[in-house]
Amino acid sequence: MKNLATALVCVVLFASCNKDKFTTEPQIKFESVKPQNISYLDFGAPAPNILISITDKEGDLGLVDGTDTAWVYIKNNLTGDFDSLPFPNIKQVAGKDFKADVTVSTANVLKCKPRPGNVEHVDSLYFDIYVKDFAKNKSNTITTTDPVLFFCK
């Protein structure tokens with residue numbers, strides 16, 4: 001029983017040590033979404049942006065010479081609308097053990113889900129996001145934990 005407890009502690013320590021290491025597959029984490037409230041009437045207002053943190057062992061992300069492109073994928077979980085966005089050119093800062101914060105726009109997936117009778121309502125929007133690097137390694141998929149409250153008609 002004592003050996004089992006010791007082995008279990010070793011496994012937990014090993015798992016926690018490896019969790020912080022950089023991996024070949026990009027790893028992303030949800031940080032925030034702002035603004036969290038928006039109305040369909042706010043034509044001039046910017047769409048909410050989602051802030052994620054990203055790590056990648058090789059740092060093979062961004063846009064290089066217009067040929068190699070890493071992508072961010074976003075999906076509105078209420079409507080199913082999906083979009084992909086290329087990373088900007090980050091060649092100057094990308095490298096081994098890359099870590100950065102990335103802002104993802106919801107502009108192309110921000111849509112109301114119509115209701116019968118065209119009634120004004122509030123949609124709570126959550127988004128799924130993942131990243132692919134130059135080698136097409138797919139990151140973990142995250143779902144935003146904070147909703148965007150979208151006042152719709």
Side-chain angles (χ1 to χ4, degrees), residues 12 15-153:
V12 170
S16 63
C17 290
N18 282 339
K19 186 167 52 170
D20 294 332
K21 294 193 176 179
F22 292 89
T23 60
T24 295
E25 295 81 20
Q27 297 297 310
I28 61 174
K29 179 182 166 200
F30 172 74
E31 297 294 337
S32 66
V33 59
K34 292 180 184 168
Q36 281 188 264
N37 298 328
I38 190 164
S39 171
Y40 71 98
L41 295 175
D42 293 339
F43 295 115
N49 287 317
I50 300 168
L51 181 66
I52 61 172
S53 60
I54 183 169
T55 60
D56 187 63
K57 184 176 183 175
E58 293 80 16
D60 55 343
L61 299 163
L63 175 67
V64 177
D65 299 326
T67 57
D68 290 332
T69 304
W71 295 87
V72 178
Y73 299 87
I74 182 170
K75 176 184 157 194
N76 179 327
N77 287 335
L78 182 66
T79 64
D81 290 328
F82 182 83
D83 195 22
S84 56
L85 313 160
F87 271 86
N89 186 350
I90 57 173
K91 184 177 181 179
Q92 300 299 333
V93 295
K96 297 247 184 250
D97 296 341
F98 177 76
K99 181 176 183 174
D101 289 337
V102 176
T103 301
V104 181
S105 174
T106 63
N108 290 339
V109 294
L110 190 65
K111 297 196 173 82
C112 289
K113 187 163 186 167
R115 302 282 166 95
N118 205 21
V119 177
E120 189 169 42
H121 61 283
V122 178
D123 283 339
S124 295
L125 304 180
Y126 294 89
F127 301 90
D128 284 344
I129 300 172
Y130 65 90
V131 171
K132 284 190 179 179
D133 63 15
F134 294 157
K136 305 304 180 222
N137 294 311
K138 182 181 173 185
S139 74
N140 55 308
T141 300
I142 60 169
T143 301
T144 55
T145 56
D146 301 335
V148 170
L149 301 179
F150 194 24
F151 297 85
C152 300
K153 187 168 183 178

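Side-chain atoms are counted along with the backbone in the values below, which use heavy atoms only and exclude waters and symmetry mates. For reference, positions follow the sequence shown, starting with 1.
Checking side-chain atoms of S139 against main-chain N and O of I28 turns up no donor-acceptor pair under 3.5 Å. No donor-acceptor pair closer than 3.5 Å links the side chain of D60 to the backbone N or O of D133.
For the side-chain hydrogen bond (donor to acceptor under 3.5 Å, both in side chains) with S53, the lone residue among K99, Q27, E31 that qualifies is E31.
Partners of F98 under the ring-ring contact (aromatic ring centres under 6.0 Å, His included) rule, at least two apart in sequence or in another chain, do not exist in this structure.
The NE2 atom of H121 lies 9.0 Å from the CZ atom of F150; values are rounded to the nearest 0.5 Å. Going from atom CZ of F151 over to atom CG of N37 covers 5.0 Å, rounded to the nearest 0.5 Å. Once rounded to the nearest 0.5 Å, the distance linking CG of L51 with OG1 of T103 reads 5.0 Å. Distance check: D101 CG to S32 OG gives 8.5 Å after rounding to the nearest 0.5 Å. For the atom pair CD1 of I38 and CG of D123, the computed distance is 12.5 Å after rounding to the nearest 0.5 Å. Separating the CD1 atom in I142 from the CG atom in D128 is a distance of 8.5 Å, to the nearest 0.5 Å.
Residues L110 and L125 form a side-chain contact, since some pair of their non-hydrogen atoms from C-beta on lies under 4.5 Å apart. Residues Y73 and K132 have side chains in contact (heavy-atom distance under 4.5 Å, counting atoms from C-beta outward). In this structure, the side chains of T143 and N77 come closer than 4.5 Å at one or more pairs of heavy atoms. In this structure, F22 and D56 have side chains that are not in contact, with every pair of non-hydrogen atoms separated by 4.5 Å or more. Taking the side chain as every heavy atom from C-beta outward, W71 and V131 never approach each other to under 4.5 Å. At least one side-chain heavy atom of L61 sits less than 4.5 Å from a side-chain heavy atom of I54. Taking 4.5 Å as the limit, every side-chain heavy atom of T141 sits out of range of all side-chain heavy atoms of I129.
A cation-pi contact, defined as under 6.0 Å to the ring centre and within 45° of the axis, links K138 to Y130.
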Start with the C-alpha distance between I50 and F30, add both sets of side-chain angles, then the distance that settles side chain to side chain contact (heavy atoms under 4.5 Å, CB included), and finish with yes or no. CA-CA 8 Å; I50 300 168; F30 172 74; 3.9 Å; yes

Going through the distances and angles, do Q36 and D146 end up as a side chain to side chain contact (heavy atoms under 4.5 Å, CB included)? CA-CA 8 Å; Q36 281 188 264; D146 301 335; 3.4 Å; yes

Does the side chain to side chain contact (heavy atoms under 4.5 Å, CB included) test come out yes or no for N49 and V104, once each step is laid out? CA-CA 5 Å; N49 287 317; V104 181; over 6 Å; no

Side chain to side chain contact (heavy atoms under 4.5 Å, CB included) assessment of N137 paired with E25: CA-CA 5 Å; N137 294 311; E25 295 81 20; 4.3 Å; yes

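When all heavy atoms are compared, the tightest approach of S124 to P147 is CB-CB, 4.2 Å. Contact between L85 and D83 at its shortest, heavy atoms only, is CD2-OD2, 3.4 Å.
No hydrogens or angles considered: a donor-acceptor pair under 3.5 Å links the side chains of D81 and T79.
At most 12 non-hydrogen atoms from other residues, nucleotides or ligands lie less than 6.0 angstrom from NZ of K57.
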